[in-house]
**Student:** 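Pasting in a structure now, in structure tokens, and then I'll have a few things to ask.
Hydrogens, waters and symmetry mates are skipped; everything else that's a heavy atom, side chains included, is used. Whatever order the structure lists them in is the order used to number ligands and atoms, beginning at 1.
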Amino acid sequence: MKIGIVGGGFMGLVLAHEISKTDATVKVFESDSQLGGLATHYDYGSFIWDKYYHVILPTDDHLVGLIKDLGLETELEWRRSMTGYYVNKKFYPFSSSKDFLFFKPLNIIDKMKLAFTIFYGSKINDRKKLEKITVKDWLIKLGGKRTYQKFWSPLLIAKLGDSHERVSAVFIWTYIKRLFQARSSAAQKEHMGYVKGGYKTVFDQLQKALKEKNSTIHLNTGVDKINSGQNGGIEITYNGKTEHFDKVIFTAPLNVLEKVSDPKLVTVSKNKQSVEYLGVLCMALVTNKPLTPYYVLNLADEEVPFTGVIGMSSLVDIEQTGGKYITYFPKYVTANHKYWSKNDQELESIFLEGVSNLYTDFDEKDVVSTHMHKAFKVQPLQVLNYSEIIPKTQTNHPDFFVVNTSQFVNDTLNNNSVVNHVKEFMVDFKKELLQANK
Ligand SMILES: Cc1cc2nc3c(=O)[nH]c(=O)nc-3n(C[C@H](O)[C@H](O)[C@H](O)COP(=O)(O)OP(=O)(O)OC[C@H]3O[C@@H](n4cnc5c(N)ncnc54)[C@H](O)[C@@H]3O)c2cc1C
């Protein structure tokens, strides 16, 4: 059985890995010159690390399971990590029960309300009601205005930028469930993980495992067309060539699906209200000195041009990054944001000025290099009643499948969910493969 997979991001590769454990052989098509999609790596000069920041949480059971399955357990490092807040021009740690007690922007009543919101949120199992209320209204209803302004709003801005008040309460509910469970219950302290060498190590190992199973990966090979085969199966056209597959699985974004697949193969239901995507502009700053003790700094300050600070080197040992420190400055924006019309140099100077204003001891002489990364469509905005406007993808051919992150309804975009999504897909797909082999 010959299976074609469109997209060599994390979804495509994990899928290829699972399928290659059966008797089937897999061919992966990736339009870019390297694997990984949003989780790909980047050459920072003296070291290679993730293009965008990635972290593994202790609750990422599916992802950790995959890492072990790939034989990379010894490469997985867990470290104590810290979260910080920047409120009223001051930095506050927010990583332990002690930090919580001494967090000055909130008074004792606010803190009780905050603790209640987190406890209450973590116990909710049905998202339906939460879809009908904005995150702001829900958080203010449970925890009051000041808790929202001083605690939740910076956290939401770090994740969603200016659009943070348009999402439903589902967003923060999934976040509470994923992140707050990451604190080890014994110590009530955060722990986060990474794989030595970054996600490149994971992709290299996936690639190696595929090779051992005679499966292949084709880089610089964008799929131009997907059609049904004349006598069953599916045909893929790439580089002017057409190849037949018994089954094809599409993992790239929906706009690509609509462009390349024969409309008879798949119906993407459209609603009056279309899904709006957030993109990210992210400056990676390599420095000779550390900038921040926090893995995440949540900030709500309109004068700061980015929406958060990710101190990767507060987590990752610096020998992993050539003895240098790497800090990411993301800004999440919608498609019409003015920053998209600026070139990298203009953006870098805006962001660097923001860094100087935020960290008064920052000296540009310590900068080794700056890198502006941009991704136009990263995640859908989970607005009110999102599950009703999300396009439903219905494939009309028994040998064509769509498995991508646009199908996440109850989830934020993360790789633990990607692995889980693949696992759920494989339950029926394995049965189909068995049936087809009979
Ligand atoms: C700033 C940022 C921070 C993040 N932080 C974390 C984190 O801390 N932890 C975490 O778990 N996750 C994190 N994520 C999410 C993680 O990166 C995604 O879950 C993951 O990359 C999604 O993989 P995917 O394969 O579904 O999609 P993509 O990565 O988008 O892969 C799709 C692939 O399809 C390819 N493609 C497109 N068109 C074609 C075509 N016509 N033919 C062939 N190939 C095509 C693309 O080039 C791409 O490689 C983060 C993401 C971002 C952007």
Side-chain angles (χ1 to χ4, degrees), residues 4-16 27-42 50-57 59-60 62-64 66-67 81 158-161 175 178-179 182 192-195 198-199 202-203 206 217-226 236-239 248-261 277-284 295-296 306-308 310 312 315-316 328-333 373-379 402-408 411-422 425:
I5 293 182
V6 183
F10 197 55
M11 188 80 83
L13 266 270
V14 175
L15 202 48
K27 202 165 186 174
V28 179
F29 296 94
E30 168 54 49
S31 55
D32 207 348
S33 57
Q34 64 188 36
L35 285 174
L38 292 172
T40 200
H41 60 274
Y42 185 83
D50 299 356
K51 186 171 183 183
Y52 299 102
Y53 48 94
H54 283 80
V55 76
I56 300 166
L57 303 183
T59 45
D60 286 348
H62 302 291
L63 179 57
V64 171
L66 173 85
I67 289 166
S81 67
K159 292 265 141 202
L160 299 164
Y175 188 81
R178 182 164 184 263
L179 199 73
M192 291 186 181
Y194 66 94
V195 173
Y199 259 87
V202 179
F203 279 99
L206 281 165
I217 294 171
H218 300 261
L219 298 175
N220 298 309
T221 312
V223 166
D224 300 317
K225 271 193 193 132
I226 307 173
I236 287 184
T237 305
Y238 59 94
N239 297 344
V248 165
I249 307 164
F250 183 92
T251 71
L254 276 190
N255 61 320
V256 183
L257 176 71
E258 291 182 279
K259 205 170 106 201
V260 303
S261 67
Y277 277 80
L278 277 184
V280 71
L281 301 154
C282 183
M283 182 176 77
Y295 177 72
V296 181
F306 33 84
T307 46
I310 312 294
M312 186 54 75
L315 185 74
V316 171
Y328 296 85
F329 298 86
K331 180 164 180 80
Y332 287 90
V333 283
H373 302 312
K374 297 176 192 158
F376 193 59
K377 280 192 172 186
V378 171
Q379 57 174 341
V402 176
V403 183
N404 67 12
T405 53
S406 79
Q407 294 159 343
F408 292 5
D411 237 330
T412 51
L413 180 74
N414 66 77
N415 286 338
N416 188 54
S417 302
V418 168
V419 179
N420 187 35
H421 201 55
V422 168
F425 170 76

**Student:** Tell me the nearest of Val419, Leu35, Asn415 to atom 16 (C) of ligand 1, using heavy-atom distances.
**Tutor:** Asn415

**Student:** Backbone or side chain, does any N or O of Val223 fall under 3.5 Å from an N or O of ligand 1?
**Tutor:** yes

**Student:** Does any N/O atom on Leu38 come nearer than 3.5 Å to any N/O atom on ligand 1?
**Tutor:**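 Yes; the residue has a nitrogen or oxygen that sits under 3.5 Å from a nitrogen or oxygen of the ligand.
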
**Student:** Measuring from atom 53 (C) of ligand 1, which candidate in Leu413, Val55, Asn416, Val378 has the nearest non-hydrogen atom?
**Tutor:**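 Among Leu413, Val55, Asn416, Val378, the closest heavy atom to atom 53 (C) of ligand 1 belongs to Val378.
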
**Student:** Sub-3.5 Å donor-acceptor pair from the side chain of Tyr52 to the main-chain atoms of Ala375, do we have one?
**Tutor:** yes

**Student:** Apply the test side-chain contact (heavy atoms from CB on, under 4.5 Å) to residues Tyr194 and Ser81: give CA-CA distance (whole Å), side-chain angles for both, the deciding distance (0.1 Å), then the verdict.
**Tutor:** CA-CA 11 Å; Tyr194 66 94; Ser81 67; over 6 Å; no

**Student:** So is Tyr53 polar-close to ligand 1, meaning N/O to N/O under 3.5 Å?
**Tutor:**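 Right, the criterion is met.
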
**Student:** Take atom NZ of Lys159 as the centre, draw a 6.0 Å sphere, and report whether it contains more than 12 heavy atoms from other residues, nucleotides or ligands.
**Tutor:** no

**Student:** Could you tell me whether Met11 and ligand 1 have an N or O pair separated by under 3.5 Å?
**Tutor:**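 So ligand 1 has an N or O lying under 3.5 Å from an N or O of Met11.
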
**Student:** Using the rule side chain to side chain donor-acceptor pair (under 3.5 Å), only one of Glu30, His373, Gln34 pairs with Thr40; which is it?
**Tutor:**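 Checked Glu30, His373, Gln34 against Thr40; only one passes side chain to side chain donor-acceptor pair (under 3.5 Å): Gln34.
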
**Student:** Write down the atom of Pro330, the atom of Val280, and the distance for their closest heavy-atom approach.
**Tutor:**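 The pair with the smallest heavy-atom distance is CB-CG2, 4.1 Å.
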
**Student:** Applying the side chain to side chain contact (heavy atoms under 4.5 Å, CB included) criterion to Phe10, which one of Asn414, Leu66, Val422 satisfies it?
**Tutor:**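 Single side chain to side chain contact (heavy atoms under 4.5 Å, CB included) partner of Phe10 among Asn414, Leu66, Val422: Leu66.
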
**Student:** Below a 4.0 angstrom heavy-atom separation, can you tell me which part of Tyr238, side chain or backbone, both or neither, approaches ligand 1?
**Tutor:**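 None of Tyr238 does.
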
**Student:** Report yes or no: does a heavy atom of Gly222 sit under 4.0 Å from some atom of ligand 1?
**Tutor:** yes

**Student:** Answer yes or no: does an N/O atom from Tyr295 fall short of 3.5 Å to an N/O atom of ligand 1?
**Tutor:**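 In fact, backbone or side chain, Tyr295 has no N or O that close.
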
**Student:** Side chain, backbone, both or neither: which part of Val418 comes within less than 4.0 Å of ligand 1 when only heavy atoms are counted?
**Tutor:** side chain

**Student:** Would you say Tyr332 and ligand 1 have an N/O pair spaced under 3.5 Å apart?
**Tutor:** no

**Student:** Would you say Asn415 and Tyr199 are linked by a side-chain donor-acceptor pair, where the criterion is simply a distance under 3.5 Å?
**Tutor:**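 Present: a donor and an acceptor within the cut-off.
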
**Student:** Closer than 4.0 angstrom: is that true for some heavy atom of Asn404 and an atom of ligand 1?
**Tutor:**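 Outside the 4.0 Å threshold, so no.
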
**Student:** Is there at least one pair of N or O atoms, one from Ser31 and one from ligand 1, spaced under 3.5 Å apart?
**Tutor:** yes

**Student:** Can you name the residues that form a side-chain contact (heavy atoms from CB on, under 4.5 Å) with Thr221, not counting sequence neighbours?
**Tutor:**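 Residues passing side-chain contact (heavy atoms from CB on, under 4.5 Å) with Thr221: Phe29, His218, Tyr238, Asn239.
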
